[in-house]
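These figures come from a predicted structure and were not determined experimentally. Numbered from 1 within each chain, the chains take letters A, B, ... in sequence-line order.
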Amino acid sequence: MSKSLFLEKKRVIELVPRAPFNFDATMHKPDHFPSADNEWKPGIRWQTMLWQKVPLGLKFEKRGTIDEPRISLSIWSRDELSRGFLDNLTDEINYRYNLQLDLNKFNRRFKDDPQLGAVINRWKGMRPMNYSSLYEYLIIAIVLQNATVRRSVNMMQALFENYGTLLLYNGKELYCFWEPKVINRATEQELRDLKIGYRAKSIKRVTEAIVRGGINEFELRKKSKEEQRKALLGLYGIGPASVGYILFDVFHHMDELNYISPWKQKIYSKLFFDTEPDEPVSTDRLLEFFKERFGKYRMLAVHYIWEDLFWKRKNGAIEWLEKLIRL
DNA sequence: CATCAGGGCCCTG
DNA sequence: CAGGGCCCTGAT
């Protein structure tokens, strides 16, 4: 079973996102499955983070306004953190959370779009947000595959309980990810005993690739999208659906949209063509449509409309949608 | 009770 | 490039 750690040192720093910045729509994605490494309520997000092998408890708090945004970031740790470490961490958080993404061109270009215009208006300053390292995201992607949401939640929880570290800070108890080498030492059978099924093999092999250094997040950030895609597809258990998520969320390619899974096909068809779920528009046609209408911003545009839908759902069930998402 | 498909991917033919 | 198998779970 996992260990737990009380974090008693606290530092507070200020982050300055590029305006416009919408705190809640960035810090909470209602379509993401709940995970024991974070918690959100309006104006605050708690998030654990393993950075340079140091487990951290983060708390982001909303300050300022959409047009003059600030974030107060409190950082809990077991030991005192150096200035250099904090600077480094700040850069990483700016990168992962897309805090410096310039949305102005996107906003101007689509403010009058019949469908996207109103959504941009509602969620001005929202950006895609990823809190994970590449390795952590790969694990999440694997856990999502061929499973219902509930099952993904259970698998992730079992992994945290067995390999993660429970962090106690700010009155919260949240799990922090493990170092890859921890799972590299585990056997496939140990993983299978957590009821993750055949995914055990994928997790072992992806972890091994990371530990060996065969795939390096920081090197990959410098490469082209197609080089990144090729490297990711080379990982056992990582296919086009997972790679699509990673290229957008982890590597921030706002135009990465060239694979649509069957369940999303039905939802996109309804959203953009108002078709019935049993007669969805072909994925080829959907992809052409997105490309033509949203150009290099196509995944960002779809993200806006997708999140808008799930915020609506959070505030009251949407009947047609409930049938299409397996919980 | 049995059967089945699911927020994919690998492997085979 | 189509289709079967994979772990387990909740739905039927």
Side-chain angles (χ1 to χ4, degrees), chain A residues 28-35 128-130 132 136-162 183 186-210 215 228-250 256-272 277-278 280-284 286-287 290 299 302-303 305-314 317-327:
Chain A
H28 180 62
K29 302 295 180 184
D31 60 312
H32 287 188
F33 72 84
S35 166
M129 176 275 291
N130 165 50
S132 313
E136 293 159 2
Y137 201 109
L138 285 163
I139 300 296
I140 294 167
I142 290 168
V143 154
L144 278 170
Q145 292 165 9
N146 204 25
T148 55
V149 170
R150 183 178 321 218
R151 186 152 184 238
S152 297
V153 170
N154 291 342
M155 289 189 276
M156 201 62 236
Q157 184 65 25
L159 288 166
F160 275 137
E161 287 177 3
N162 282 273
I183 276 194
T187 63
E188 187 179 324
Q189 189 55 48
E190 279 171 51
L191 289 168
R192 277 181 175 265
D193 291 344
L194 305 181
K195 303 182 177 187
I196 63 174
Y198 60 86
R199 298 170 194 79
K201 187 175 176 186
S202 306
I203 289 180
K204 279 296 291 175
R205 293 192 48 176
V206 163
T207 302
E208 190 193 354
I210 295 282
I215 190 147
Q228 292 167 347
R229 187 193 312 281
K230 194 175 164 206
L232 295 167
L233 284 173
L235 293 168
Y236 183 91
I238 299 300
S242 302
V243 168
Y245 291 144
I246 293 171
L247 289 177
F248 178 64
D249 281 329
V250 178
E256 172 57 25
L257 177 53
N258 65 11
Y259 176 85
I260 298 175
S261 51
W263 72 284
K264 286 195 172 180
Q265 179 191 7
K266 293 177 190 140
I267 298 176
Y268 290 162
S269 295
K270 170 74 178 166
L271 281 175
F272 294 96
D278 53 335
V281 175
S282 77
T283 56
D284 282 348
L286 285 169
L287 290 172
F290 291 138
M299 192 59 225
V302 170
H303 178 71
I305 289 169
W306 187 264
E307 293 302 319
D308 184 55
L309 177 68
F310 278 82
W311 275 105
K312 280 181 185 148
R313 175 174 179 268
K314 194 183 181 83
I318 301 170
E319 200 176 332
W320 67 265
L321 183 59
E322 301 311 310
K323 292 175 193 148
L324 297 180
I325 50 181
R326 289 262 165 274
L327 301 176

By nearest heavy atom, map A:Glu188 and A:Asn154 onto DNA chain C; which one lands nearer the 5' end?
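Its nearest nucleotide lies further toward 5', so the answer is A:Glu188.
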Roughly how many Å is it from [atom1] in [X] to [atom2] in [N], rounded to a whole number?
| X | N | atom1 | atom2 | answer |
| --- | --- | --- | --- | --- |
| A:Ile142 | B:dG7 | CD1 | C1' | 15 Å |
| A:Lys195 | C:dT9 | NZ | C1' | 10 Å |
| A:Asn146 | B:dG7 | CG | C1' | 9 Å |
| A:Leu232 | B:dG8 | CG | P | 18 Å |
| A:Gln265 | B:dG7 | CD | C1' | 14 Å |
| A:Trp263 | B:dG7 | CH2 | C1' | 4 Å |
| A:Trp306 | B:dG7 | CH2 | P | 11 Å |

Say whether, by atom type as modelled, one donor and one acceptor occur between the side chain of A:Gln265 and the main chain of A:Val281 under 3.5 angstrom.
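Looks like yes, one N/O pair under 3.5 Å.
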Whether the side chain of A:Gln145 engages the backbone of A:Ala241 through a donor-acceptor N/O pair (distance < 3.5 Å, no angle test) should be reported.
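No; judged by distance alone, with no hydrogens or angles, the pair does not exist.
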Enumerate the residue pairs fulfilling salt bridge (charged side-chain N to carboxylate O under 4.0 Å, His left out) with a member in residues 194-203 of chain A, sequence neighbours excluded, ordered by first and then second residue.
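Residue pairs passing salt bridge (charged side-chain N to carboxylate O under 4.0 Å, His left out), neighbours aside: none found.
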Nearest-angstrom distance, P atom, B:dC9 to C:dG10:
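23 Å, rounded to whole Å.
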side-chain contact (heavy atoms from CB on, under 4.5 Å) against A:Ser132, all qualifying residues, sequence neighbours excluded
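Applying side-chain contact (heavy atoms from CB on, under 4.5 Å) to A:Ser132 gives A:Asn130, A:Glu136, A:Tyr137, A:Ile140.
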Please list, chain by chain and in numerical order, all residues satisfying side-chain contact (heavy atoms from CB on, under 4.5 Å) with A:Val153, sequence neighbours excluded.
A:Phe33, A:Pro34, A:Val149
Hey, does A:Arg199 reach any base, or is it just sugar-phosphate, or nothing, if we go heavy atoms under 4.0 Å?
base
Quick one: the dot-bracket string of DNA chain B, using Watson-Crick and G-U wobble pairs with both distances under 3.5 Å, [ ] for crossing pairs and | for bases paired to another strand.
.|||||.||||||
Just jot down the side chain to side chain donor-acceptor pair (under 3.5 Å) partners of A:Tyr268, sequence neighbours excluded, or say none.
none
Cation over ring, A:Lys264 on A:Trp306, under 6.0 Å and within 45°?
yes
Can you check nucleotides 9-13 of chain B for protein contacts, nitrogen or oxygen pairs under 3.5 Å, and list what you find?
unit_1, atom_1, unit_2, atom_2, d
B:dC9, OP1, A:Gly239, N, 2.8
B:dC9, OP1, A:Gly239, O, 3.1
B:dC9, OP1, A:Ser242, N, 3.0
B:dC9, OP1, A:Ser242, OG, 2.8
B:dC9, OP2, A:Pro240, N, 3.3
B:dC9, OP2, A:Ala241, N, 3.0
B:dC9, O5', A:Gly239, N, 3.4
B:dC10, OP1, A:Gly237, N, 2.9

